[in-house]
> 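I have a structure I would like to understand better, so I am pasting it below and will then ask my questions one at a time.
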There are 2 protein chains.
Amino acid sequence: MAAVGIKTGIKTGMKIGVLAGRSGLPVKTLRYYEDLGLLPAIGRSEGGYRLFAEQSLRRLEFIRRLKTLGLSLEEIQGCLVVHDAGDLPCADIQIQLERQIGRIDAQIEELGQLRQELQGLLAGWQSDPAKEGDVICPNLRV
Amino acid sequence: MAAVGIKTGIKTGMKIGVLAGRSGLPVKTLRYYEDLGLLPAIGRSEGGYRLFAEQSLRRLEFIRRLKTLGLSLEEIQGCLVVHDAGDLPCADIQIQLERQIGRIDAQIEELGQLRQELQGLLAGWQSDPAKEGDVICPNLRV
DNA sequence: CGTGATTCTCCACTCCTGGGGAGACTTTAT
DNA sequence: ATAAAGTCTCCCCAGGAGTGGAGAATCACG
């Protein structure tokens, strides 16, 4: 079974349900990824069934990792497009990655600022301020 | 103009356009907030026009502030419900803010990990590695 | 060869925060 | 009194990441 592809020289591949089972992702999600171009199938069977290569598992693992790290599918696709652009010299990919790091730094910076603002707000927080008028919460100079 | 409501003792209020002008928010947004229950109108005119109290401005300012601090409208509504019940929602707001800071921290942490991963990838980058097999760019092993 | 499991495409729906516009009605200003 | 401006409700649209179902086709097993 595992060696089916070896017998014939013909293009073989997992059907979507197998890939779903091995990757742990729902079939729907795999189709969704394929539609987006994140996870290209190597082709279709006679009956039109998607066929995926073994590499798809690695690719899905890569996607999963980046996803858990908070990247959007669009950002991940950016990485994969670069990855798949085989004709481009590695230097271009390097630039893409550096750009990606720059974007991440900007995001971290932005989040840090927001965090600081919230922290500063809480720092001066009074747990039981005097009620006055129709003030909603005296801690917030609204 | 500003004193129109004083002449009659009858329940008066801003129409939505006035509140929009004074708050700087689009009419659509105010209607949306009213629909959600975030910004109750004091009533309707004969013709069915929403009428808002002066306090609505303060309330909108409160909403705006919490929004810029990253709270969802639902979380803000939670605070406002407490407020409308007669209490100062200080404690609730505090909890929401702390929760928000926690979320930001987690996000920063994850981004930092991704950054490190990409950085590590670039650290071992070879500008012109030998191509081998079906690896498109040997620097990127997924 | 039949039957059930798998897969296909297409459409709709979720949550969130509104934006755009249609068509009808109310209010205001001249 | 009439025209213009404001407001009403209702419905569709966006993006992000899928999920669910209908109906049709295909595959695998006995």
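All chains are named by letter (A, B, ...) in the order of the sequence lines, taking the proteins before the strands, and each is independently numbered beginning at 1.
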> So, using side chain to side chain contact (heavy atoms under 4.5 Å, CB included) as the criterion, who are the partners of A/Gln119 when residues are at least two apart?
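Side chain to side chain contact (heavy atoms under 4.5 Å, CB included) list for A/Gln119, sorted by chain: A/Arg115, B/Ile101.
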
> How long is the line joining CZ of B/Arg44 and P of D/dT7, in whole Å?
12 Å

> For B/Glu75 and C/dC16, what is the distance between atoms CD and P respectively, to the nearest whole Å?
10 Å

> Indicate every side-chain donor-acceptor pair of residues 27-43 of chain A with a distance under 3.5 Å to a residue at least two apart or in another chain.
from, atom 1, to, atom 2, distance (Å)
A/Glu34, OE1, A/Arg50, NE, 3.1

> How does protein contact run along nucleotides 18-28 of chain D, one letter per nucleotide 5' to 3', with B for base contact, S for sugar-phosphate only, - for none, heavy atoms under 4.0 Å?
BSBB---BBSS

> Figure out the CD1/C1' separation between A/Ile16 and C/dT9, and round it to whole Å.
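Whole-Å distance recorded here is 12 Å.
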
> What is the separation between atom CZ on B/Arg31 and atom P on C/dG20, rounded to the nearest whole Å?
13 Å

> Can you list the residues that meet the side chain to side chain donor-acceptor pair (under 3.5 Å) rule with A/Gln116, with sequence neighbours excluded?
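Partners of A/Gln116 by the side chain to side chain donor-acceptor pair (under 3.5 Å) criterion come out as none, since no residue qualifies.
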
> Mind calculating the distance between CD (B/Gln77) and P (C/dC16) to the nearest angstrom?
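The distance from CD of B/Gln77 to P of C/dC16 comes to 11 Å, rounded to the nearest Å.
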
> So, is A/Arg50 close to the C/dT7 phosphate, meaning a side-chain N or O under 4.0 Å from OP1 or OP2?
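No, no such contact exists.
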
> How many whole angstroms separate atom CD1 of B/Ile76 from atom C1' of C/dC16?
12 Å

> Between P on C/dG18 and CZ on B/Arg64, what's the gap in Å once rounded to a whole number?
13 Å

> Could you check whether B/Arg58 pairs with B/Glu61 (Lys NZ or Arg NE/NH1/NH2 to Asp/Glu carboxylate O, under 4.0 Å)?
no

> Measure across B/Pro26 and B/Ala20 and return the closest heavy-atom pair with its distance rounded to 0.1 Å.
C-CB, 4.4 Å

> Nearest-Å distance, CZ (A/Phe52) to P (C/dT7)?
10 Å

> By side chain to side chain contact (heavy atoms under 4.5 Å, CB included), which residues pair with B/Glu54, not counting sequence neighbours?
B/Met14, B/Arg22, B/Leu57

